[in-house]
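Numbered from 1 within each chain, the chains take letters A, B, ... in sequence-line order. Computation of the quantities below employed the complete heavy-atom set of this structure, encompassing side-chain atoms and omitting hydrogens, waters and symmetry-equivalent molecules.
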Amino acid sequence: MGTLRPDFYARSVLEVAPELVGCTVTHGNVSGVIVETEAYHDSEPACHAFAGLTPRTQTLFGAPGNAYVYRSYGVHALLNAVCERDGVGAAVLIRALEPLDGVEDMLARRRLVGRPRSDGNGGVRVDDLCSGPGKLTQALGIWLSENGTSLSRGPIRINGRSRAWRDPEIVRSTRVGISHAVDLHWRFSAADNPHVSRPRPPIAPRGPALARVRPRLARPRA
DNA sequence: CATGGGATTGACT
DNA sequence: GTCAATCCCATGC
């Protein structure tokens with residue numbers, strides 16, 4: 001599985017977002033498999049680029065295959081892959097990873113946040129290491145300074161799907177944490193993967209029997 | 001220039 | 001379920 005080239009990203013963000021599920025993000029000696037993404041496009045008001053070309057959205061409107069890293073809630077760095085042609089503001093938000101390499105380093109970084117609790121990993125379970133867009137940048141050590149760097153040649157790399165992730169089952173649902181365009185089903189998650197973020201997406205359709213057994217999981221939002 | 005609102009998380013009730 | 005932390009930047013006066 002080689003590093004994805006810019007032309008992979010130079011397509012509709014709605015094609016790229018589900019195809020990034022199963023791909024691998026690498027930063028330094030840590031890596032993880034993407035298990036959840038969201039698509040954003042300047043045509044809809046939840047996207048930062050909806051406001052047009054500003055200092056903040058310059059990266060978004062720039063070349064496909066670059067990293068758009070921005071600060072969220074004044075606290076967290078969120079990682080996106082810029083998509084579509086130069087001049088279009090579109091990106092895929094990387095929302096969750098299944099940790100692959102460097103788990104010890106991820107734990108070390110994630111242990112530093114919040115007050116330590118009295119469990120084994122200083123308050124962080126492996127399933128929760130990268131189960132959110134702010135968590136995964138913390139675990140991988142990705143900084144705001146890497147905004148605009150190439151995902152093909154820069155410090156952050158995204159590689160194509162490994163054999164184990166060929167043709168993953170993907171669940172489609174609404175995006176998280178936004179107040180506009182809430183009806184768009186532009187969130188893509190690996191079905192039944194324990195590393196996806198909250199709120200958990202609807203379970204994958206598997207036939208009526210299982211749906212009857214676990215009805216409570218169908219509507220996780222409160 | 002002042003203000004307000006987040007593509008969130010973790011701790012606490 | 002509720003809430004604070006924290007800062008960039010878009011918007012409006």
*asked:* Base, sugar-phosphate or nothing for A:Ser179? Non-hydrogen atoms, less than 4.0 Å.
replied: sugar-phosphate
*asked:* I need the CD-P distance between A:Gln138 and B:dG10, as an integer number of Å.
replied: 8 Å
*Length of the line joining A:Glu36:CD and B:dT8:P, which is rounded to integer Å*: 10 Å
*asked:* On DNA chain B, compare the nucleotides closest to A:Ala49 and A:Asp128; which residue's is nearer the 5' end?
replied: A:Ala49
*asked:* So, OP1 or OP2 of B:dT9: does either fall under 4.0 Å of a side-chain N or O from A:Arg198?
replied: no
_Test your reading of the model: is there a side-chain donor-acceptor pair from A:Glu98 to the backbone of A:Gly32, 3.5 Å cut-off?_
no
*To the nearest angstrom, how far is A:Lys135 atom NZ from B:dA11 atom C1'?*
13 Å
*For A:Tyr73 and C:dA5, are the ring centres under 5.5 Å apart with planes inclined under 30°?*
no
*Taking atom P of B:dG6 as reference, at what distance in whole Å does atom CZ of A:Arg56 sit?*
11 Å
*Would you mind telling me which of A:Arg172, A:Arg175, A:Arg95 makes a salt bridge (charged side-chain N to carboxylate O under 4.0 Å, His left out) with A:Glu38?*
A:Arg95
*For A:His41 and B:dA7, what is the distance between atoms NE2 and P respectively, to the nearest whole Å?*
18 Å
*Using a cut-off of 4.0 Å on non-hydrogen atoms, how would the nucleic acid contact of A:Ala51 be classed: base, sugar-phosphate, or nothing?*
sugar-phosphate
*Please answer whether the main-chain N or O of A:Arg163 pairs with a side-chain N or O of A:Trp165 as donor and acceptor at a distance below 3.5 Å.*
no
*With respect to the side chain of A:His76, which nucleotide from B:dA7, C:dA10, B:dT9 is positioned closest?*
B:dT9
*Rounded off to whole Å, could you give me the OH-to-C1' distance for the A:Tyr70 and C:dT6 pair?*
15 Å
_Rounded interatomic separation in angstrom, taking NE2 from A:His180 and P from B:dG5_ = 11 Å
*A:Arg161 bridged to A:Glu19 by N-O distance under 4.0 Å*: no
*Can you tell me the Watson-Crick or wobble partner of B:dG10, both distances under 3.5 angstrom?*
C:dC3
*May I ask you to evaluate whether A:Ser72 reaches the phosphate of B:dG6, defined as a side-chain N or O under 4.0 Å from OP1 or OP2?*
no
*Charged N to carboxylate O below 4.0 Å: is that the case for A:Arg11 and A:Glu84?*
no
*Between C:dA10, B:dT8, B:dA7, which nucleotide has the shortest distance from any of its atoms to the side chain of A:Thr54?*
C:dA10
*Among C:dA10, C:dA5, B:dA7, which is the nearest nucleotide to the side chain of A:Pro55?*
C:dA10
*asked:* Output the rounded distance in Å from CZ (A:Arg71) to P (C:dA5).
replied: 16 Å
